[in-house]
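What follows is a single structure, written as structure tokens, with notes after it.
Just so you know, ligand 1 is whichever comes first in the structure, and atom 1 is the first atom listed for that ligand. Everything numeric in this text was worked out from a predicted model, so none of it was measured.
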Amino acid sequence: MITVQKTICPYDCPTACGLMAETDGTRILRICGDQDHPANQGIICEKMREYEASVHSAARLLTPMRRTGKKGEGKFEPISWEAAVGEITDRWKTILQEDGGDAILPLYYSGVMSVIQRKCGDAFFGRMGACTLVKTLCSSAKSAGYAAVMGKTGCLDPRELTDSDFLLIWSSNVKATRLQTMPMVLQARRDGKRVVLVEACAVDMAPYCDEVLLIHPGTDGALALAMMHVLEREHLADEAFLRKYAHGYEMFRKTLPAYSPAWAEKITRIPAAQIEALAKEYAAAKAPAILLGSGFSRMGNGGMTTRLITILSAYTGAWSRPGGGFCGCNPTGGDYIDDTLVTRPDFRRTPGRKVNINCLASALCGTQTERPVKSLYVYGSNPVGSVCNQTGLLQGLVREDLFTVVHERFLTDTARYADILLPATFSVEQTDCYTSYGYCTLATAKRLIEPAGESRSNWDTFRLLAQAMGYEEPYFRRTEEEVLQELLAHPAPGLKDISPEQRETLRRGGTISLPFADHLRFQTPAGKIMIVNEALPDPVPRYIPPYGGEFPLHLVAVPSCYTLNSIFLERDRLVEKRGAAILLLHPRDASARGIRDGDRVTAFNDLAEVPFQAQVTELVAAGSAAVPGIYTAADGGTLVNALHHERLSDMGAATTLNDNTIDVRKAD
Ligand SMILES: Nc1nc2c(c(=O)[nH]1)N[C@H]1C(S)=C(S)[C@@H](COP(=O)(O)OP(=O)(O)OC[C@H]3O[C@@H](n4cnc5c(=O)[nH]c(N)nc54)[C@H](O)[C@@H]3O)O[C@H]1N2
Ligand SMILES: Nc1nc2c(c(=O)[nH]1)N[C@H]1C(S)=C(S)[C@@H](COP(=O)(O)OP(=O)(O)OC[C@H]3O[C@@H](n4cnc5c(=O)[nH]c(N)nc54)[C@H](O)[C@@H]3O)O[C@H]1N2
Ligand code: SF4
Ligand SMILES: [Mo]
């Protein structure tokens, strides 16, 4: 019998879209958006419109496998789960005895975003006493910078943007990464409201905006300061609001005279007159909203820049008016789910070694002070494509004495280096709870079809491994469904007031919408907007430059509309539409190097050389280069992340993947 069932997109987008899956009980026949879903309202991206082609792809891994070729060669033979689990746990038991838990490194990132499947490995590896991964590959500098000013205060849910009268889209490719906000952008323009874009690479979004300010990467803090300089000079700051709700206003405003638009022009490369006009236009709006992406924050100064932009969002008092303020961090103002029920920090007996994901190559190769890890267990991540210093990573992964296990759905660039490869399930073969990081919604979704072949979910795999390790906690014997019901039975405070009907929706599988946050309840220790924050090394916000570097072009890695990080590479149609790996260059930088549109080029710096096809466009800032998407290195090539250093951001110990410099030459 064919039925249509609700499910949720498991991927790393702010929306956690609702999907309708047509199924005969064994296969997914068709996917479309859930019209009744409170956040996506039926809108889903092109990538997920043929999700069934991914779920039933011929390229899926269907049995456990053991390596037969050289590491990286991608040659394997099928083995049973029993043999695989036996080999893995025997190796781990030996390593634990000889080297201790510090020699075993679990690694996951954002392959699956649901609570149970994403986080359950924390309990298993905590119980083992293995390393803890510091998971800061995405927007941790942005979260830390926002929290330094606003604490846990909920920002705008994108649905509130209908009340904004001015949209300042800042470092966000809304079309690629927040598709469900595009209707608000289009409607705003139809209603005659202004939409302005601040970008390093405006190729996708420029057609949807009234004005584009192309900014030199990593200098957004200077722009925010110069705008506040103008607001102060012209008496356009909302002094009454700031005196009432903010801490440190008087101290901060005294620093602003130094940050004139002329000063900022030299840093941002945006004409002073354009900065001046933007500041005045922003102040003239009643309820302007800054829609903030994350690209700008993946820099050495990412935390400080976020602080400055967050302060700017409050400087005209916009937070006190419907639709005004800030959108792009957590809007909930409090947790809905107590994820410690899944991560079980109480299982960990020793603090354990901490390894920052951005320093993975160092953990694999060893440093002067730390020995290299002996075993790496990867699930829900493809670090060869997504983590910096690709060359160093590969040097680590080919080590003969490194025991690597990868739990995957496809033979990714990382999976090729596995000693043991385990087949993973898709979301429609799993049961889970989905928090969304961009909306005030919460969802659950049940398994719709049986796992393909011998694939197993992360939860079911850790259950097997725990059994073989001899871990007897009842936790490791539960089913996904039992864990889900426990999460719902013991919710976090944000979920306490839901109706019996909403509770039932979650129990059975579905999405509920929770109230928008009170944007004037500032959830910081002082109960105020922390313009000045004495708890930080730099209490008074100021401009700090990005790392930059010795090469003339600042490199930024930008999202692609056709893929999501390295997900969807199994879909030929999407891969074909995306085309060759391109490097976007401004005409001035291209002609200075004799490069023309379509030329094959080599990008290089002190770390590596990487081949690209040049695309010449005025919509990328002069002096920078932009590379969309993550490709595959299966053909032996290097990827853009080979040009990325391991340096961390100022706050949040986060990636600085957008803070590297390169030069480019025509390929031989
Ligand atoms: N289609 C698609 N959707 C995705 C993803 C994807 O890869 N593809 N990725 C998912 C993930 S993991 C995340 S975290 C989210 C958000 O994904 P993010 O990668 O944070 O994407 P955006 O928020 O759009 O921000 C990136 C934008 O910042 C710009 N930028 C880079 N450096 C600077 C700078 O210094 N200043 C300014 N002003 N702009 C700069 C880039 O040109 C780019 O347009 O999207 C998710 N959704
Ligand atoms: N050059 C460049 N680098 C980037 C980015 C970029 O835009 N450009 N984006 C950065 C950002 S924002 C992020 S968040 C990171 C993402 O970094 P990663 O999370 O490492 O990247 P993904 O490519 O999403 O890899 C996820 C993998 O998880 C697998 N997977 C999916 N579901 C499951 C499951 O249920 N179980 C298991 N075991 N596996 C599963 C998928 O098949 C996929 O191979 O990359 C960062 N690095
Ligand atoms: S990938 Fe993102 S936009 Fe596409 S359906 Fe999933 S959550 Fe929605
Ligand atoms: Mo991300």
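Taking the centre and axis of the six-membered ring of Tyr562, the NZ or CZ atom of Arg571 falls outside the cone set by 45° and 6.0 Å. In this structure, Arg30 forms no cation-pi arrangement with Tyr51, as its terminal cationic atom is not both closer than 6.0 Å to the ring centre and no more than 45° off the ring axis.
Which parts of ligand 2 touch Val640 is read off a 4.0 Å heavy-atom cut-off, strictly below it: atoms 1 (N). Contact atoms of ligand 2 toward His644: 1 (N) (distance under 4.0 Å to a heavy atom of the residue). Each of the following atoms of ligand 2 lies closer than 4.0 Å to a heavy atom of Arg298: 12 (S). Within ligand 2, the atoms closer than 4.0 Å to a non-hydrogen atom of Ala424 are 36 (N), 37 (C), 38 (N), numbered from 1 in the order shown. The contact set between ligand 2 and Asp12, taken as ligand atoms under 4.0 Å from a residue heavy atom, comprises 14 (S). Below 4.0 Å from some heavy atom of Tyr379 lie the following atoms of ligand 2, by number and element: 38 (N). Near Cys13, the atoms of ligand 3 lying under 4.0 angstrom from a non-hydrogen atom of the residue are 1 (S), 2 (Fe), 3 (S), 7 (S). Interface atoms of ligand 2 facing Thr425, defined by a heavy-atom separation under 4.0 Å, are 35 (O). Listed by number with element, the atoms of ligand 2 under 4.0 Å from a non-hydrogen atom of Gln430 are 35 (O).
Protein heavy atom nearest atom 13 (C) of ligand 2, with residue, atom name and distance: Asn565 ND2, 3.7 Å. When hydrogens are left out, the protein atom nearest atom 36 (N) of ligand 2 is Asn458 OD1, 2.9 Å; that is the closest non-hydrogen contact. Remark: minimum distance from atom 46 (C) of ligand 2 to any protein heavy atom is reached at Ser386 O, 3.6 Å. The protein heavy-atom contact nearest to atom 5 (S) of ligand 3 is Met48 CG, 3.4 Å. Val112 CG1, 3.8 Å is the protein heavy atom nearest to atom 34 (C) of ligand 2. For atom 39 (N) of ligand 2, the nearest non-hydrogen atom of the protein is Gly380 N, 3.2 Å. Nearest protein neighbour of atom 26 (C) of ligand 2, counting heavy atoms only, is Gly111 CA, 3.4 Å. Protein heavy atom closest to atom 41 (C) of ligand 2, with residue, atom name and distance, is Glu408 OE2, 3.5 Å. Summary of contacts: the protein heavy atom closest to atom 3 (S) of ligand 3 is Gln180 NE2, 3.7 Å. The nearest heavy-atom contact from the protein to atom 1 (S) of ligand 3 is Cys45 SG, 3.6 Å. Scanning the protein for heavy atoms near atom 30 (N) of ligand 2, the closest one is Arg409 NE, 3.7 Å.
For Asn641, the closest heavy-atom approach to ligand 2 does not fall below 4.0 Å.
Taking the six-membered ring where the residue is Trp, Trp81 and His407 present perpendicular rings, their angle passing 60° and hence far from 30°. Phe125 and Phe462 have perpendicular rings, their planes meeting at more than 60° on a 0 to 90° scale where under 30° would count as parallel.
In this structure, the side chain of Asn382 engages the main chain of Thr414 through a donor-acceptor pair within 3.5 Å. For Gln613 (side chain) and Ala580 (main-chain N/O), no donor-acceptor pair under 3.5 Å exists by modelled atom type. Formation of a donor-acceptor pair under 3.5 Å by the Arg66 side chain with backbone atoms of Ile420 is not found in this model. Lys142 contributes no side-chain N or O that, together with a main-chain N or O of Phe296, makes up a donor-acceptor pair within less than 3.5 Å.
With 2.8 Å as the limit, Cys9 does not count as an N, O or S neighbour of atom 4 (Fe) of ligand 3. Not one N, O or S atom of Cys17 sits under 2.8 Å from atom 6 (Fe) of ligand 3.
Contact annotation for Arg60 and ligand 2: no heavy atom of the residue comes within less than 4.0 Å of the ligand. Residue-level proximity to ligand 2 for Gln117 is absent, since no heavy atom of it falls below 4.0 angstrom. Residue Ala557 touches ligand 2 through its side chain alone, judged by heavy-atom distances below 4.0 Å. Under 4.0 Å from ligand 2, heavy atoms of Asn382 appear from its side chain as well as its backbone. Residue contacts with ligand 2, taken as heavy atom pairs separated by less than 4.0 Å, involve Ile630 solely via side-chain atoms from C-beta onward.
Salt bridge Lys175/Glu199: absent, no basic N to carboxylate O contact under 4.0 Å. Using a cutoff of 4.0 Å between basic side-chain nitrogens and carboxylate oxygens, Glu481 and Lys446 are scored as salt-bridged. Salt bridge Glu570/Arg409: absent, no basic N to carboxylate O contact under 4.0 Å.
A centroid separation of 6.0 Å or more is found between the aromatic rings of Tyr377 and Phe124.
Atom CG of Asp572 sits in a sparse spot, with 12 or fewer heavy atoms from other residues, nucleotides or ligands closer than 6.0 Å. Enclosure of atom CD in Gln467 is not indicated, since only 12 or fewer non-hydrogen atoms of other residues, nucleotides or ligands lie within 6.0 angstrom.
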From CA spacing to verdict: side-chain hydrogen bond (donor to acceptor under 3.5 Å, both in side chains), Tyr11, Asn565: CA-CA 10 Å; Tyr11 296 130; Asn565 301 319; over 6 Å; no
Start with the C-alpha distance between Asn660 and His645, add both sets of side-chain angles, then the distance that settles side-chain hydrogen bond (donor to acceptor under 3.5 Å, both in side chains), and finish with yes or no. CA-CA 7 Å; Asn660 294 281; His645 287 86; 2.9 Å; yes
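Contact record, Val174 with Met182: CG1-SD, 3.7 Å, taken as the closest heavy-atom pair.
Taking any N or O of Ser566, backbone or side chain, at least one lies under 3.5 Å from an N or O belonging to ligand 2.
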